There are 2 protein chains.
Amino acid sequence: MRPRVTLEQWRMLQAVVDHDGYAGAAEALSKSVSTVSYGIRRLEAGLGVALLEMQGRRAVLTTAGRELLRRSRYLLDEALAIERAAGMLAKGWEPVVRLAVEVIFPQERLLASLDAFASVTGTTRVELIESVLSGTNEQLVAGKADLAITAMVPQGFLGEPLTTVEFIAVAHPEHPLHALSRPLTQRDLRQHRQLVVRDSGLREPRDAGWLGAEQRWTVSHLATSVEAVARGMGFAWLPRHRIAGLLADGQLQPLPLAEGALRHVELYLVFADREDAGPAARALADCLRRSCPAD
Amino acid sequence: MRPRVTLEQWRMLQAVVDHDGYAGAAEALSKSVSTVSYGIRRLEAGLGVALLEMQGRRAVLTTAGRELLRRSRYLLDEALAIERAAGMLAKGWEPVVRLAVEVIFPQERLLASLDAFASVTGTTRVELIESVLSGTNEQLVAGKADLAITAMVPQGFLGEPLTTVEFIAVAHPEHPLHALSRPLTQRDLRQHRQLVVRDSGLREPRDAGWLGAEQRWTVSHLATSVEAVARGMGFAWLPRHRIAGLLADGQLQPLPLAEGALRHVELYLVFADREDAGPAARALADCLRRSCPAD
DNA sequence: GAGTTCTTTTCGAGTAATTAGAAATGAGGC
DNA sequence: GCCTCATTTCTAATTACTCGAAAAGAACTC
């Protein structure tokens with residue numbers, strides 16, 4: 001189907017309404033009054049419906065006019081937005097940046113960064129790949145991500161430290177481990193179910209738990225792990241930032257380990273190709289860095 | 001800001017991609033090949049970015065091209081949708097139909113009707129005014145509604161019966177009235193709290209309860225009333241269709257009234273102005289009638 | 001590797017649409 | 001009733017678009 005009216009004609013209608021009258025519209029559009037008049041006439045002819053009506057010496061919208069004007073404003077906005085996006089692309093901005101994020105990276109910071117990024121570039125989209133351990137790196141190595149936040153910088157890549165995530169060994173307050181009421185040893189832990197998050201890598205997956213618990217349950221998402229531990233299904237090392245709330249209201253309680261109750265994981269920001277990275281990828285990297293103030 | 005490219009140029013880009021090549025596009029658009037070539041050239045010049053690139057004798061989208069094509073399709077769809085809407089308006093279809101509905105009208109039927117209406121006319125919007133008793137009529141009389149579903153047809157209007165809503169006197173199973181375990185009299189009821197819905201009319205409001213209970217609570221929404229009764233806060237006559245679920249799982253229990261446990265309210269469909277009603281209002285009326293099969 | 005075929009691009013001329021100014025029309029204000 | 005302000009109509013000119021023919025590129029054939 002072929003559009004019967006042009007963007008320019010819609011624009012004239014808008015101008016007439018906004019600068020009440022053909023004279024004002026002509027002024028605003030840098031066109032002659034007769035041009036505007038002709039344009040509106042074409043528009044109405046194309047649509048087969050009257051949009052403006054002279055009431056005395058004032059041009060007023062008809063009911064149909066009001067309705068169609070409303071939609072046409074949106075249309076024109078969209079047309080201009082596309083052209084702005086084209087301008088970005090012309091300047092070398094990628095249309096999309098693919099970011100692989102280790103799930104233990106604090107969501108709050110991630111969202112804040114994406115928000116900041118969105119305000120820098122209204123047009124570049126972000127494709128977020130949430131992954132675990134080697135899965136994050138595989139995305140990077142396979143060229144499926146332009147940027148990654150990972151705990152292990154893969155061979156041949158250059159990572160810059162971004163932030164440190166603190167893991168605490170926790171369990172539900174009613175959990176048998178807490179009933180022991182004494183510093184816990186590795187032997188104690190082995191007796192109980194540990195929840196670990198499945199490595200999302202396909203090539204050489206390894207689980208995110210490091211000691212061999214007798215019964216070890218593997219789940220796919222960090223959220224599932226948190227949920228399960230909160231329900232008393234086992235213990236786990238979980239990122240402090242993810243369980244701050246649950247610790248505060250007592251749904252989770254730190255395990256009194258003799259040693260190793262706390263673990264620290266350093267997260268790195270890695271470019272797939274630092275030289276070839278487009279401005280959008282660089283801008284996103286900046287936003288991420290800013291969300292992690294010197295720590 | 002003035003758009004630098006036209007809808008027609010976007011359409012040419014789409015045609016080239018869809019009918020792979022300039023030749024196919026020209027065929028599809030009923031234009032010459034050189035016209036299409038010229039159009040794409042203008043488009044790229046206007047945007048300042050290359051969209052198509054010749055790979056051998058095949059035209060392929062650049063990254064920017066793919067992205068902008070995607071958005072331009074949406075743009076063109078919107079442009080055509082507005083013109084379709086204009087076509088509707090040209091045929092006299094109102095841009096919006098305002099429907100005042102008595103809250104006791106079954107929501108399921110209402111939504112089914114609106115759904116059916118939406119498929120008849122993609123463009124006419126519905127403005128729904130949910131009101132109670134005289135409130136519904138006031139909307140109609142004041143010209144704030146084109147169509148109304150009301151229990152009381154106001155003077156000077158013509159109503160057609162639409163459906164009957166059955167009200168049952170109910171209370172929570174634990175309610176003292178149920179503890180009496182005998183047919184209840186009006187006197188029994190007066191001892192207890194009745195929940196009634198506030199008339200939404202401004203002029204001559206009267207409440208939707210008919211007998212004077214000692215303590216009568218008035219709420220604004222039917223939903224609040226249902227909720228309150230289900231929590232044992234009192235008794236009320238409620239539309240059977242609204243509480244079918246609560247009756248079934250025993251959260252509400254019909255009161256064993258000596259008389260008047262059931263009440264029937266007839267709902268009427270009323271036009272604000274049957275002669276002047278536009279096709280959209282008539283179509284919506286049809287949808288409503290069809291949702292209430294002979295009853 | 002020269003010719004053939006298929007396709008896009010360039011060119012030049014013709015055509016349709018848009019534009020602006022002048023004149024005409026219409027609607028208040030005095 | 002006449003003056004003023006605003007829109008519409010008319011006409012001429014400019015601009016943008018369109019087309020066919022010819023040129024240029026790229027793959028395919030022999």
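Fair warning: this is a prediction, and the values are worked out from it, not measured in the lab. Proteins get letters first, then strands, A, B, ... in listed order; numbering begins at 1 in each. In what follows, every heavy atom counts, from backbone to side chain, and hydrogens, waters and symmetry copies are set aside.
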Verdict with supporting geometry, A/Leu68 and A/Val49, side chain to side chain contact (heavy atoms under 4.5 Å, CB included) = CA-CA 10 Å; A/Leu68 296 174; A/Val49 65; 4.1 Å; yes
Listed pairs under 3.5 Å, donor-acceptor, residues 142-159 of chain A side chains, sequence neighbours left out:
{"residue": "A/Asp146", "atom": "OD1", "partner": "A/Arg98", "partner atom": "NH2", "Å": "2.7"}
{"residue": "A/Asp146", "atom": "OD2", "partner": "A/Arg98", "partner atom": "N", "Å": "2.8"}
{"residue": "A/Asp146", "atom": "OD2", "partner": "A/Arg98", "partner atom": "NE", "Å": "3.2"}
{"residue": "A/Thr150", "atom": "OG1", "partner": "A/Asn137", "partner atom": "OD1", "Å": "2.9"}
{"residue": "A/Thr150", "atom": "OG1", "partner": "A/Met152", "partner atom": "N", "Å": "3.2"}
{"residue": "A/Thr150", "atom": "OG1", "partner": "A/Met152", "partner atom": "O", "Å": "3.3"}

Might you point out which heavy atoms bring [X] and [Y] nearest each other, and give the distance in Å?
X	Y	result
A/Arg71	B/Ala81	NH2-CB, 3.6 Å
B/Ala280	B/Thr124	CB-CG2, 3.8 Å
B/Trp10	A/Ile82	CZ2-CG2, 3.5 Å
B/Leu75	A/Ala79	CD1-N, 3.5 Å

Tabulate protein N/O versus nucleotide N/O from nucleotides 23-30 of chain D, keeping only pairs under 3.5 Å, one per line.
{"residue": "D/dA26", "atom": "N3", "partner": "B/Arg57", "partner atom": "NH2", "Å": "3.0"}

Summarise protein proximity over nucleotides 10-20 of chain D in one line of letters, 5' to 3': B for base, S for sugar-phosphate only, - for none, counting protein heavy atoms closer than 4.0 Å.
-> -------SBBB
List for me each residue that meets side chain to side chain contact (heavy atoms under 4.5 Å, CB included) alongside A/Glu53, sequence neighbours excluded, and say none if there are none.
-> A/Gln55, A/Thr62
By side chain to side chain contact (heavy atoms under 4.5 Å, CB included), which residues pair with B/His221, not counting sequence neighbours?
-> B/Thr224
Residue pairs passing the salt bridge (charged side-chain N to carboxylate O under 4.0 Å, His left out) test where at least one lies in residues 12-36 of chain A, sequence neighbours excluded | A/Glu8-A/Lys31, A/Asp18-A/Arg73
Pairs meeting criterion salt bridge (charged side-chain N to carboxylate O under 4.0 Å, His left out) with involvement of residues 84-96 of chain B, two or more places apart | none
Degree of bending, the helix from C/dG1-D/dC30 to C/dC30-D/dG1 (end axes from five pairs; round to 10°) | 20°
Close side-chain approach of B/Phe105 to B/Thr163, heavy-atom, < 4.5 Å | yes
Please examine the side chains of B/Leu99 and B/Leu110, heavy atoms only from C-beta on, and report whether any two atoms are closer than 4.5 Å.
-> yes
Can you sort out which residues in residues 62-73 of chain A have a heavy atom within less than 4.0 Å of DNA chain C? Ascending by number, please.
-> none
Salt bridge (Lys or Arg N to Asp or Glu O under 4.0 Å) filter on A/Arg58, not counting sequence neighbours, yields none
Please output the side-chain donor-acceptor pairs of residues 32-48 of chain A that fall under 3.5 Å, not counting sequence neighbours, one pair per line with the distance.
{"residue": "A/Ser32", "atom": "OG", "partner": "A/Ser34", "partner atom": "OG", "Å": "3.1"}
{"residue": "A/Ser32", "atom": "OG", "partner": "A/Thr35", "partner atom": "N", "Å": "3.2"}
{"residue": "A/Ser32", "atom": "OG", "partner": "A/Thr35", "partner atom": "OG1", "Å": "2.8"}
{"residue": "A/Glu44", "atom": "OE2", "partner": "A/Leu51", "partner atom": "N", "Å": "2.8"}
{"residue": "A/Glu44", "atom": "OE2", "partner": "A/Leu52", "partner atom": "N", "Å": "3.0"}

Chain A on DNA chain C: first and last contacting nucleotide, 5' to 3', under 4.0 Å to a heavy atom?
-> C/dT18 to C/dG28
Should A/Ser37 be listed as having a side-chain N or O under 4.0 Å from OP1 or OP2 of D/dT8?
-> yes
After noting the C-alpha distance and the side-chain angles of A/Arg274 and A/Glu160, does the key distance pass the side chain to side chain contact (heavy atoms under 4.5 Å, CB included) rule?
-> CA-CA 12 Å; A/Arg274 186 178 290 268; A/Glu160 50 183 297; 3.5 Å; yes
